[in-house]
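Quantities reported herein were computed from a predicted structural model and do not represent experimental measurements.
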Amino acid sequence: MTSVDIDPVTPNRPATPHPAATGGEGARPDHTHCPYCALQCAMTVTPTPGGSAEVSPEWFPTNRGGLCRKGWTSGDLLRHPDRLTTPLIRRDGRLEPCDWDTALDRVVEGIRRARAAGGPDGVAVFGGGGLTNEKAYQLGKFTRLALGSRLIDYNGRWCMSSAAAAANRSFGLDRGLPFPVTDLSGARAVLLVGANPADTMPPFVQHLDTAAAAGGLIVADPRLSATARRALDGGGVHLRLRPGTDAALALGLLHLVVVTGRLDARYLAERTTGFEDAWAHAAAWLPERTERVTGVSVAHLERAVRLLADARDAGTGAYVLTARGAEQHADGTSVVGAVIAVALALGLPGRPGTGYGTLTGQGNGQGGREHGQKADQLPGYRMITDPAARAHVAGVWGVDPEEIPGPGLSAFELLDALGQPGGPTAMLLHASNPVVSAPDAGRVAERLRALDTLVVADFVLSETAALADVVLPVPQWAEEEGTLTNLEGRVLRRRRSISPPDGARDELWIWHELARRLDRGPERFPTDPRAVFDELARASAGGKADYSAVDWDRLDAGEVLHWPCGADSPDGTPRLFLDRFATADGRARFLVDAPAAPAEPTDARYPLLATTGRLLAHYQSGAQTRRVAELAAAEPGMWVQVHPVVARAAGLTDGAAARVVSRRGAVEAEVRYDEDMRTDTLFLPFHFTGGGRANLLTLPELDPHSRMPEFKVCAVRLETA
């Protein structure tokens, strides 16, 4: 396969739109979608001699014929030498190949031991935002009915749970973008808070071209990221805030919206509630105070408000978007709530041509949290504590509502309970690599090692799979059928392009077989993904995320279906909230708290702030992209971005080996000088393994609403290796 290096800001390559793709429709009927981020760029995968495959871009509204570097090289993994093609079990401390019967028997023995010792909650399940809708749904159902356990959560808890919690609180509904991504393309002002799509989802950046060219792209980020550079190159604004001061920044912006006369008073009166309480907090955030706390100049704050308000008033499009930089905090829900308050004060949400949204990270980050693999939710985005929700889902499942367990533990709390007194002693883990991606990763690895039985389903031996007692090889994205839901709530078809290796087995088959061996009604766990989706649609009917009018035939025919898509909206809902918000009274709520200080303060021993993020060449824990030769060559190992003055004070030259030390652990990294860095801040990418795991440093302080850990700020020191 030929790999092409794509400019992260102008990622398009020539691609001829298929006739069915014009007018915002889908690509050719045989296309599939990229395995990485939630933009879900369209592509075709063509088998080549020798069992490999070639990837080609397809025109699609989200990517318009472009792919980023990761997408272009995604086919390299399909027949990679590291591919798992047979089950593995641990014997005498080593993982050894075995047949499927032996592996599944070992899994069942571990489940039975755990249930005998701790009851149904002796077994825990951990899922992922990369699972299809069908698998996310079936995993939640399997956990609650076949295992009888309430202990399930997934890595999406660490992705956008704070934005989800804030959106539910303010709007009554959580969908990443409540409008099609193409709506952004005409906007002349866009504020991005904690987002760097030029590296994390490059084809998305073309939708910001109008704003960037108009000087209306505003980026709030402690670093001069690639996206912030894009803003400055067009005459826009970079709000270079001190890490952990996001809420203060938002309240300072809200203050300026009011005192400069930019408040949309009519919109507030007709469509919102709670402004006076929000103003009680924002009134104290005078521009000078905001500058002192955040490090962002008054002039930049004023210009950001002016750009958004002028674009709104001119009818040329104004949007506010958040991402992980705003959300991955111990007060992430409050941060996003304050940013939403800015958007509400300007009158943006629920209007054509303006709005608020959040950029979903993982490929199925949206669908993955809607259908039951989250600790507190049932399919259709129903809350598991709601008696009516339990009755509806129980009716679809054919069980008594009392058979459905109650809410479990959030992701970090679940992992931290493993092997503890009274905690689970067995875990089934799918589509996740918490040894690299979890906060306080060293502690999480210890908890995984404490289990009696760890079962990991994956297609490569990730760092987490390497600790397992049983490893089950599963298909990759191009080898499976199903659906996903992208960042704009659009349901997409994932189509099988090539056959999986002979030794791999689909997760739906695995759960069916385990249910059979456990004598837990295997007929309730079909192996046909279409049948699973049809049941998912029924289970979601009437819920917030209603898929009941969606079916594979409609998707295969090229219909564009955004949820909710049910009896009241059979053609889908591309734009939410145009008439009313999903709250009881139809009004959006201002919900603002006083800004909290970072969970971990600096001191004389740990005087610097470390923040983490993603790189253009890698994705999530790096278990996939570090195995692609082109991507590994571009970013082969761990580094720390630091201002030269800070590095020299620690006796470190550019390119030197350093240690970054926090109260939880230390990371080995190569120093990279960057004169644009703040002198109080270090940046570390989180894709690397071993002693280069950035999350050895981060702390698991949890948001009280979303249970999101504090990934983005921790106190550290820099020293020679």
Is it the case that more than 12 heavy atoms not belonging to Asp568 sit under 6.0 Å from its CG atom? no
Determine yes or no for a side-chain-to-main-chain donor-acceptor pair under 3.5 angstrom, with Ser297 supplying the side chain and His300 the backbone. yes
How many angstroms lie between atom OG1 of Thr354 and atom CG of Leu308, to the nearest 0.5 angstrom? 10.5 Å
With sequence neighbours excluded, give me every salt bridge (Lys or Arg N to Asp or Glu O under 4.0 Å) pair touching residues 233-261. Arg242-Asp680
Taking C-beta and beyond as the side chain, do Asp199 and Arg614 meet within less than 4.5 Å on heavy atoms? no
Does Trp158 reach the side chain of Asn695, with side-chain heavy atoms less than 4.5 Å apart? no
Report the C-alpha separation of Asp603 and Arg663 in whole Å, then their side-chain angles, then the decisive distance to 0.1 Å, and conclude whether the side-chain contact (heavy atoms from CB on, under 4.5 Å) test is met. CA-CA 11 Å; Asp603 59 20; Arg663 293 177 175 92; 2.7 Å; yes
Name all residues meeting the side chain to side chain contact (heavy atoms under 4.5 Å, CB included) criterion together with Cys565; count only those two or more places apart in sequence or in a different chain, and write none if there are none. Ala549, Val550, Arg554, Leu561
Using only atom types and a distance under 3.5 Å, with no angle test, would you say the side chain of Ser170 pairs donor to acceptor with the backbone of Arg589? yes
Any sub-3.5 Å donor-acceptor pair from His207's side-chain atoms to Pro203's backbone N or O? no
For Glu270, does the CD atom have more than 12 heavy-atom neighbours from other residues, nucleotides or ligands under 6.0 Å away? yes
Does a donor on one side chain and an acceptor on the other come within less than 3.5 Å for Arg64 and Gln206? no
side-chain contact (heavy atoms from CB on, under 4.5 Å), that's the test. Do Tyr619 and His687 meet it? Break it down for me. CA-CA 7 Å; Tyr619 178 73; His687 311 290; 5.7 Å; no
Quick one: does Glu710's side chain get under 4.5 Å of Pro439's, heavy atoms only? no
Phe577: what forms a ring-ring contact (aromatic ring centres under 6.0 Å, His included) with it, not counting sequence neighbours? Phe171, Phe581
Between Tyr267 and Thr272, does a side-chain contact (heavy atoms from CB on, under 4.5 Å) hold up when you go through it step by step? CA-CA 7 Å; Tyr267 175 93; Thr272 74; 3.6 Å; yes
Can you name the side chain to side chain contact (heavy atoms under 4.5 Å, CB included) partners of Arg575, sequence neighbours left out? Phe179, Pro180, Asp183, Leu578
Main chain of Ser621, side chain of Ser437: is a donor-acceptor contact present, judged purely on distance under 3.5 Å? no
From Gln366 CD over to Thr358 OG1, what is the distance, rounded to the nearest 0.5 angstrom? 9.5 Å
Only pairs under 3.5 Å count here: list side-chain donor-acceptor contacts from residues 331-353, not counting sequence neighbours, and write none if there are none.
{"unit_1": "Thr333", "atom_1": "OG1", "unit_2": "Asp703", "atom_2": "OD1", "d": "3.1"}
{"unit_1": "Thr333", "atom_1": "OG1", "unit_2": "Asp703", "atom_2": "OD2", "d": "3.3"}
{"unit_1": "Ser334", "atom_1": "OG", "unit_2": "Asp593", "atom_2": "OD2", "d": "2.6"}
{"unit_1": "Arg351", "atom_1": "NH1", "unit_2": "Asp264", "atom_2": "OD2", "d": "2.9"}
{"unit_1": "Arg351", "atom_1": "NH1", "unit_2": "Gly347", "atom_2": "O", "d": "3.1"}
{"unit_1": "Arg351", "atom_1": "NH2", "unit_2": "Asp264", "atom_2": "OD2", "d": "3.3"}

Within a strict 4.5 Å, meaning less than it, do heavy atoms of the Arg490 and Pro61 side chains meet? yes
Note: Lys70-Glu635 ion pair, threshold 4.0 Å (strictly below): no
Gap between atom CG of Asn364 and atom CD of Gln40 - 0.5 Å precision: 7.5 Å
Please determine, by modelled atom types, if Gln362 and Asn155 share a side-chain donor-acceptor pair under 3.5 angstrom. yes
Check whether any side-chain N or O of Asp174 sits under 3.5 Å from a backbone N or O of Ala163 as a donor-acceptor pair, and report yes or no. no
Check the pair Arg223 / Asp674 against salt bridge (Lys or Arg N to Asp or Glu O under 4.0 Å), numbers first and verdict last. CA-CA 10 Å; Arg223 294 193 305 142; Asp674 189 331; over 6 Å; no
Quick check: do Tyr319 and Leu177 have side-chain heavy atoms less than 4.5 Å from each other? no
Derivation of the side-chain contact (heavy atoms from CB on, under 4.5 Å) call for Phe204 and Thr227: CA-CA 11 Å; Phe204 174 86; Thr227 308; over 6 Å; no
Among Arg188, Arg306, Arg262, which residue satisfies the salt bridge (Lys or Arg N to Asp or Glu O under 4.0 Å) criterion with Asp313? Arg262
Is any side-chain heavy atom of Thr290 closer than 4.5 Å to a side-chain heavy atom of His255? no
Only counting residues at least two apart or in another chain, list the ones meeting side chain to side chain contact (heavy atoms under 4.5 Å, CB included) with Thr611. Thr681, Phe683, Lys712
Quick one: are Thr62 and Glu488 in side-chain contact, heavy atoms under 4.5 Å? yes
Using only atom types and a distance under 3.5 Å, with no angle test, would you say the side chain of Thr583 pairs donor to acceptor with the backbone of Gly586? yes
So, Arg303 and Asp310, do they make that salt bridge, N to O below 4.0 Å? no
Roughly how far apart are Arg672 CZ and Leu684 CG, rounded to 0.5 Å? 11.5 Å
Glu327 side chain to Thr322 side chain, donor-acceptor N/O pair below 3.5 angstrom: yes
When you compare the side chain of Arg324 with that of Met160, does any pair of heavy atoms fall below 4.5 Å? yes
Gap separating the OG atom of Ser162 from the CZ atom of Arg157, nearest 0.5 angstrom: 9.5 Å
Once rounded to the nearest 0.5 Å, what's the spacing between atom CG of Leu241 and atom CG of Asp221? 7.5 Å
Can you check whether Ala715's main-chain N or O pairs, donor with acceptor, with Thr602's side chain at less than 3.5 Å? no
